[in-house]
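Along the sequence shown, residues are numbered consecutively beginning with 1.
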Amino acid sequence: MSTTTAVAPLTTQDADALVTAARRAAEVAGVTVSVTVLDAGGHLLAFRRDDRAVLISGETSTRKAYTALQLNAPTADLVDAVQPGGLFHTLPTALDRPLLFIAGGVPVHRDGRLIGAIGVGGGAPEQDHAFATAAVEALA
């Protein structure tokens, strides 16, 4: 008989901390962003779009978080997989909710288990990835 140790889920307090850390990193870089945090089930825990952010950045951040969550990998690591001949070439259009393979989505783990994801949109993809990664590192 095996035993499994429970892992604390991503809480709204954690989600707020992730949003704050990502926005702080973006502000230091002079970038206006939207940030989305999802729990392990894909439910929205936190969302913040700065008034100056481009409206589509909210949808972008949500889809980046969803993609990172579904594939349990940073979206920056998946960009080549959707190119012709790539592992996920047809996947983005095969789902009800399209995935977005642009850097800026990062899964959140606790004790080695997936507990949620963060997505950042509004800057260049490399910037969004750095902001999301900084937020996850700050939570650890």
Side-chain angles (χ1 to χ4, degrees):
M1 180 178 180
S2 69
T3 59
T4 304
T5 304
V7 174
L10 193 63
T11 65
T12 53
Q13 184 176 0
D14 293 333
D16 289 342
L18 285 165
V19 169
T20 299
R23 290 187 70 227
R24 189 170 294 132
E27 286 173 6
V28 169
V31 178
T32 304
V33 296
S34 292
V35 183
T36 301
V37 179
L38 305 175
D39 68 10
H43 304 103
L44 182 65
L45 280 183
F47 173 79
R48 174 75 171 131
R49 184 184 64 80
D50 189 289
D51 289 338
R52 297 168 293 149
V54 178
L55 288 176
I56 193 67
S57 67
E59 176 65 19
T60 302
S61 68
T62 301
R63 288 178 56 194
K64 288 178 181 183
Y66 182 75
T67 303
L69 179 68
Q70 292 302 308
L71 299 175
N72 193 14
T75 55
D77 296 348
L78 301 168
V79 174
D80 291 338
V82 294
Q83 301 304 317
L87 185 61
F88 302 127
H89 182 235
T90 59
L91 186 60
T93 58
L95 302 172
D96 291 335
R97 183 174 191 173
L99 302 179
L100 188 59
F101 291 87
I102 299 173
V106 177
V108 179
H109 295 93
R110 183 172 286 145
D111 297 328
R113 295 195 184 148
L114 180 65
I115 60 168
I118 181 173
V120 178
E126 298 78 19
Q127 291 175 306
D128 292 345
H129 178 73
F131 305 149
T133 299
V136 171
E137 289 171 355
L139 185 64

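Each salt bridge (charged side-chain N to carboxylate O under 4.0 Å, His left out) pair with one or both residues in residues 119-138, not counting sequence neighbours, appears once here: K64-D128. Within the structure, the salt bridge (charged side-chain N to carboxylate O under 4.0 Å, His left out) test picks out no pair touching residues 33-45 (sequence neighbours left out).
Qualifying side-chain hydrogen bond (donor to acceptor under 3.5 Å, both in side chains) partners for D16, counting only residues two or more places apart in sequence or in other chains: none. Scanning for side-chain contact (heavy atoms from CB on, under 4.5 Å) contacts around A40 gives an empty result, with sequence neighbours left out. When the side-chain contact (heavy atoms from CB on, under 4.5 Å) test is applied to D14, the partners found at least two apart in sequence or on another chain are L10, T11, R110, L139. Residues meeting the side-chain hydrogen bond (donor to acceptor under 3.5 Å, both in side chains) test with R23, sequence neighbours left out: D50. A135 is linked by a side-chain contact (heavy atoms from CB on, under 4.5 Å) to L18, A21, A22, I118, counting only residues two or more places apart in sequence or in another chain. L44 pairs by the side-chain contact (heavy atoms from CB on, under 4.5 Å) definition with T36, L38, F47, not counting sequence neighbours.
Annotation for A25 and F131: closest pair O-CE2, 3.6 Å, computed over non-hydrogen atoms. When every heavy atom of S61 is checked against every heavy atom of G121, the shortest pair comes out as CB-N, 3.6 Å. In terms of heavy-atom proximity, A15 sits nearest to A46 at CB-CB, 3.7 Å. Nearest heavy atom pair, residue A103 against residue A76, reads CB-CB, 3.6 Å. Residue G104 comes nearest to A132 through the heavy atom pair O-CB, 3.7 Å, listed as atom of the first residue, atom of the second, then distance.
Between atom OG1 of residue T75 and atom CD of residue Q70 there is a gap of 13.5 Å, rounded to the nearest 0.5 Å. Going from atom CD1 of I115 over to atom CG of L45 covers 9.5 Å, rounded to the nearest 0.5 Å.
A 4.5 Å side-chain heavy-atom check between N72 and H109 finds at least one atom pair inside the cut-off.
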